[in-house]
Amino acid sequence: MASLFRDLTLGHSRRESTPLKPPPKPSQLSIMPSKPTITTTDLDSPLGQLGTQLTDSDLRSTAYEIFVAVCRTSSGKALTYTPNSSISDSPTNHSPISPALQRSLTSAAASKMKKALGLKSPGSGSKKSPGSGSSSGSGQGKVRRALTVGELMRTQMRISETVDSRIRRALLRIAAGQVGRRIESVVLPLELLQQLKLSDFTDQQEYEVWQKRTMKVLEAGLLLHPHVPLDKSNPTSQRLRQIIHGAMDRPIETGKNNESMQVLRSAVMSLASRSDGSISEICHWADGIPLNLRLYEMLLQACFDVNDETSIIDEIDELLEHIKKTWTILGMNQMLHNLCFTWVLFHRFVATGQAETDLLDAADGQLAEVARDAKTTKDPQYSKILSSILSSILGWAEKRLLAYHDTFDNGNVDTMQGIVSLGVSAAKILVEDISNEYRRKRKGEVDVVRTRIDTYIRSSLRTAFAQRMEKADSSWRASKNQPNSLPVLAILAKDVGELAINEKQVFSPILKRWHPFSAGVAVATLHACYGNEIKQFISGIVELTPDAVQVLRAADKLEKDLVQIAVEDSVDSDDGGKAIIREMPPYEAEAAIVDLVKAWIRARLDRLKEWVDRNLQQEVWNPQANQEGYAPSAVEVLRIVDETLDAYFQLPILMHPALLPDLMTGLDKCLQYYATKAKSGCGSRNTYVPTMPALTRCTMESKFAWKKKEKSANTQKRNSQVATMNGDSSFGVPQFCVRINTLHRIRSELDVLEKRIITHLRNSESARAEDFSNGLAKKFELTPAACIEGVQQLSEAVAYKIVFHDLSHVFWDGLYVGEPSSSRIEPFVQEVERNLLIISNIIHERVRTRVVTDIMRASFDGFLLVLLAGGPSRAFHASGLSDNRG
């Protein structure tokens, strides 16, 4: 074994032409590269916490000691490499290259591992790979001394030359005293304790610090985290614990023949020689979990360039080859290496500010190796470590992915793909290879990746929606006193629409790799979030207001936009996107607008009907009320109808043509109601036609003793003024004329209203060509007929009222009473003329002819009745026949 430690320089090639310089004095020690700036992370180490206070620096020093020991004893060949920069400076680069140098060229020029992981080389400029030697002299032809693997590792692990020299000296001493023994069969910290004395250190303090660290390593490896579980009642362990705790207070004597050292050696070797049943000479002092994982982590971190903490050195292939030689002491294997290397790559990406996506991609690629390993073993210890590391990675990833809208933007969205890939890969391994629940189910029932992406999308968008709600509320509060300010939910609808577009353009293309319908899931989530708010809003609306209509229109537009995105995203799905669409129950915003508009229409119509009732009760039908001779109430009714139409078309809705028939029908019924009430109580033609008298047409010689009626003594000419009916002044002839004029006016104004409706429709943004072709939707149907019928009824009623009621004293009751010669028709004609003059002064010229015609018809009917039926005060005899003929 001693022969293997002959060279003081670890792995130095015997073929180097430049001799070694003597060891430097302490004052001439080279300045070590500064520690890379690595930020504090929110990641706790999943490798486990040590039960003793060993710092990262302590672990790094111990790991380096193990590395040097195994590399010095693993092969008799000198292990050396020369970086590229040394070749170009050598004047003999055309000479045959030694095997060791050739090996170095291969690893420096094209690292297979870096190529496989897609990693970049260390940064250019002043940042050089630690393997690049510096010129030793000003002569151009001087060949620079090549760094050895050991020197590279020392530099990478930030170990000073003094410490390195001390370790190598100790290893030589150990080799001298342990001839024939393999390094894994000794307890390295124990041997170092015995071989290194106070004289090997610069001062007492440095020695004590080193000794305490070494004792802590023994405590961690043999007592706190042993490879084989330790019984607490074991007397050897209790004795070792006492020795270690004593050493913390006072350094122990470590001489070979010292009693305390012999007791320590006895206890240490007794505990380190314990095995799990396998026959082996290996001492178990550094292969207990988590100590071995933490030490191996320190070794793997040496793969990163000390001058560029985001880059892996070009010589990683050769360095890892030597690092793997520590597996025997540390109890590592390829699966644990893959797992630890994945963690180291990932942790370095996080610790360096998440700026180098190559590290993330490398960790993701290494995780693929871990996934393959996880399927080939069911080792409980490995599964526990695997679960811990993957849970840490997944937890960190999900902390960002569950709210990825806060984490990523256009500037760093490229990082998102790597984080998503890493997260879903970790989740898949955890669920499929570790979860017992998954094993109990058929694999087809659980799509781990899609389920995770679905969760990320829904969670992040819910968070983003809540933030947009707060933003919309703040925006509304800031602008609520300004004109034309938007309601909160209208602002929110606009923001959610922008959020959906951003999701579709920025994030969905990335997430689509793992979830083919990611955009559909996103808009379905936003649809549900906004739906909760809009449904509460709709349930609280009691009347149609501009704000309510703005909100509902914004909600309807948002819903259409979201559905369109979902449909486009689901074109290639098996069900055509039906599953996503089923997640998006309609807001019914348009239906809510329809209901509100219909409620508005009903309220307006109810008020109009109440007004009609109230004003008709107060209407006196005074012909002097206005110059045109129609009722003031009709003017108000028409004005209200016109205002209602104007207000309807000013509603900020897009369905004026669709709901216009409802309004028209209501207005039509109100006007019909007015027309009906206007003629109510006025009677009809039959109301004024008198009852037929008893039969009097017989001769005086008949066997019935008829007496000739004499002219009644109290029969006097009645006032020729137009009489009233039942003492009600609203039913006189002038009032009848006003009623007729009113109905005619309403009938005429209907055409004006219909033309105005056409104009409103043309100005409506929602009008279509078919809205103009359908004439029924914009015409009054009931009122024109009611007005025509009312005019006809009132015209006949006033005519028969004049003839049979107002002028009955000169016509029906008195015509030809007594002797025909004493009662002629001239008085009746005079009275009719007087009434016609009154009517012509009041009635509208368009209906005047009709009224006059009806009066003439009533006069003829009355005269015929007088001739044929007699009357209440008349009897006929033969002598009157000649008079009648005459």
Side-chain angles (χ1 to χ4, degrees), residues 1-8 10 54 58-74 150 159 162-201 206-223 226-227 236 239-240 243-244 247 251-275 280-288 291-292 295 299 325-331:
M1 182 174 178
S3 62
L4 300 179
F5 289 90
R6 239 171 245 150
D7 296 326
L8 293 179
L10 173 62
L54 284 170
D58 294 337
L59 293 172
R60 189 180 302 110
S61 297
T62 304
Y64 182 72
E65 292 169 353
I66 296 173
F67 175 82
V68 173
V70 298
C71 288
R72 291 297 298 269
T73 61
S74 61
I159 304 297
T162 302
V163 172
D164 177 64
S165 177
R166 183 168 60 231
I167 294 172
R168 287 187 278 110
R169 286 198 304 272
L171 289 173
L172 284 174
R173 296 169 188 170
I174 295 170
Q178 301 284 345
V179 177
R181 294 189 62 181
R182 296 166 55 192
I183 190 64
E184 57 266 23
S185 65
V186 300
V187 179
L188 185 59
L190 177 65
E191 302 302 332
L192 291 175
L193 274 173
Q194 185 165 346
Q195 298 301 331
L196 292 177
K197 309 301 179 184
L198 178 59
S199 59
D200 293 308
F201 296 86
E206 184 184 8
Y207 174 67
E208 291 181 1
V209 169
W210 172 83
Q211 190 182 87
K212 287 180 180 180
R213 187 258 297 176
T214 306
M215 297 297 284
K216 288 178 182 177
V217 171
L218 288 174
E219 180 185 24
L222 296 173
L223 298 178
H227 174 70
T236 305
R239 185 165 58 252
L240 177 59
I243 295 172
I244 293 174
I252 65 171
E253 293 293 333
T254 58
K256 183 176 181 181
N257 299 321
N258 186 277
E259 183 180 356
S260 60
M261 188 63 195
Q262 291 178 355
V263 174
L264 176 62
R265 175 176 291 277
S266 175
V268 168
M269 294 307 296
S270 175
L271 294 174
S273 299
R274 295 180 312 115
S275 65
S280 174
E281 295 181 357
I282 297 175
C283 287
H284 303 284
W285 65 271
D287 51 355
L291 177 61
N292 60 342
L295 291 171
L299 293 173
K325 294 174 182 178
T326 65
W327 285 6
T328 304
I329 291 179
L330 297 179

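In this chain, residues are counted from 1 in sequence order.
Residue Lys216 comes nearest to Leu54 through the heavy atom pair CB-CD2, 3.6 Å, listed as atom of the first residue, atom of the second, then distance. Closest approach of Ala247 to Ile252, counting heavy atoms only: CB-CG2, 3.9 Å.
The only option from Val268, Leu291, Leu188 that meets the side-chain contact (heavy atoms from CB on, under 4.5 Å) definition with Trp285 turns out to be Leu188.
Residues Leu190 and Met269 have side chains in contact (heavy-atom distance under 4.5 Å, counting atoms from C-beta outward). When side chains are defined from C-beta on, Leu299 counts as touching Leu330, because their heavy atoms get closer than 4.5 Å. Put simply, the side chain of Ser165 reaches to within 4.5 Å of the side chain of Arg169, judged on heavy atoms.
A 6.0 Å sphere centred on CD of Glu253 holds no more than 12 heavy atoms belonging to other residues, nucleotides or ligands.
Taking the side-chain hydrogen bond (donor to acceptor under 3.5 Å, both in side chains) definition, one finds that Asp287 meets it with His284, sequence neighbours left out. Applying the salt bridge (Lys or Arg N to Asp or Glu O under 4.0 Å) test to Glu208 and every residue at least two apart in sequence or in another chain returns nothing. With sequence neighbours excluded, the residues forming a ring-ring contact (aromatic ring centres under 6.0 Å, His included) with Phe201 are Tyr207, Trp210, listed by chain and number.
Ile66 contributes atom CD1, which lies 5.0 Å from atom CG of Leu295 (distance to the nearest 0.5 angstrom).
Thr62 contributes a side-chain N or O that, together with a main-chain N or O of Asp58, makes up a donor-acceptor pair within less than 3.5 Å.
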